[in-house]
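Order of listing sets the numbers, starting from 1, for every ligand and every atom in it. The model shown is predicted, which means the values in this text are computed figures rather than measured ones.
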Amino acid sequence: MYVRTTIALMFVFGCIFSASAQDNRQLKAGAVAANITPPLGSSIIGGFRPIPATHVHDDLFARCIVLDDGSTRIAIVVADILGIPREIADLAKEQISKHTEIPPSHVLISATHTHSAATPRGPQAVFWPDKVSEYGRFLAQRISDGVRRALNQLEPAKIGWGVAEEPNEVFNRRWHAGDAGILANPFGGVDRVRMNPPRNHSSLDAPAGPTDPEICFLSIQATNGRPIALLANYSLHYVGGVNTGDISADYFGYFSQYLKQKIEAAEVEPEFIGILSNGTSGDINNINFQPKPGGKRYGRYEKMQEVALNVATKVHQAYADVKYEDWVQLGALQKDIELKLRQPSEAMRNHFDQALKLPEGKFLSHPMEKIYASRIAKLKGGPESIKASLQVIRIGDTGISAIPFETFVEIGLHLKAESPFKKSFTIELANGWYGYLPTPEQHRFGGYETWLGTNWVQIDASNRITAELLQMYHALHKNK
Ligand SMILES: [Zn+2]
């Protein structure tokens, strides 16, 4: 194995590994965008009921970066899909390791969470290991081809990180409200918090959590300054506002396009790859729930263009200040964590039994009762627990953690605050896809993201995940 042999050699020759040899160390990088657009007719998921794709507004891509520090290689892939089921991420990693010797632990595969993409899930449409669908196999193949293509393009490179802020495009979408009428849940109970409340509702008190305005990014250039790739990270769910039936990469796609224009990389060869990864945005969206009267009305795609332009502009402003290094240490750690699946209570089961007896269109207390009844029914044939993949990556002074959930922003903020690295960020919906990850505190408030059938794993899962990731960060940070 490339990594192991080199580490062994470095150990043996450690004493004669002179300072000048260290100075000559050179980072290498390559990046490509692999087209993953699904065929028309594919099921678009993102809403509660799938709809067939009738048009491609803009193509979907798996954007891939490979970095090589001379002894360790890592690959980061950000794909324009709603989520990446673990079996598809694993299939891609298996293919990558077979052809490139980059071990699965050193490959991060994440989803942007665009809601205008085809489902890569198999026929079960739940998250425990499923038969890989035809589109899922295509996706895995395109991702592994993308990493191999990026590897083919490896060239001497330099890297640096930057930070920008865009506080105006992120809103916590969970609100404390005083009116029980907007707080009902599908289980016959009343929550304390409402997700996506009616705008300017008189009973809205305050958001139930924070936002993270930060846009962290890593910029990678050839040694002569030609841009190769930029990986940014922002904690915003998605924007939306597409035509029904459209395939689109949402604002993530526009970000790539606008950034390329702003840094004047349109003519660059090989193609410059600008990437926006999703941070921790489980409870964050782009909707101002208390807008001032007379605000702008947006046409299709207008809002996502505006958001992408604002985010790309902020990154571009910080881009000039990036300090580059010709070599940084790379590293990665991966670990599975076993999490118990929640089970419905007796009261919940009785409620659903009653609800299912009602005719179409009728409900006991909430219009989504039947949808949740059928989701929860799937737990019956499922396992008692899942093994979720946790991963941390080191790129010099920067730490990246990967979580396979739609992760609440508090979790990302906590990891940023406690990380031993100079700069850290989290990429959510990476290496798997298991629904929402609220904190135990947010579970107590209730609300959509905490509902069984939207969230599936034990209530304290986020505490266990955070503790594990911080340990992994420290282990990676110590490892020189
Ligand atoms: Zn979502």
Do the rings of H237 and H113 sit parallel, tilted or perpendicular, given the 30° and 60° boundaries?
perpendicular
With distance as the sole criterion, is a donor-acceptor pair present between the side chains of N168 and N310 under 3.5 Å?
no
No-hydrogen, no-angle side-chain donor-acceptor test under 3.5 Å, Q334 and S389:
yes
Tally of protein N, O or S atoms, where distance to the Zn ion (ligand 1) is under 2.8 Å:
3
Does E214 form a salt bridge (Lys or Arg N to Asp or Glu O under 4.0 Å) with K423? I'd like the steps, not just the answer.
CA-CA 11 Å; E214 203 173 62; K423 198 67 234 166; 3.1 Å; yes
List the steps and the verdict of salt bridge (Lys or Arg N to Asp or Glu O under 4.0 Å) for R86 and D336.
CA-CA 12 Å; R86 176 153 194 183; D336 277 359; 3.0 Å; yes
Can you name the side-chain contact (heavy atoms from CB on, under 4.5 Å) partners of T454, sequence neighbours left out?
Y372, R375, Y436, Y448, W451
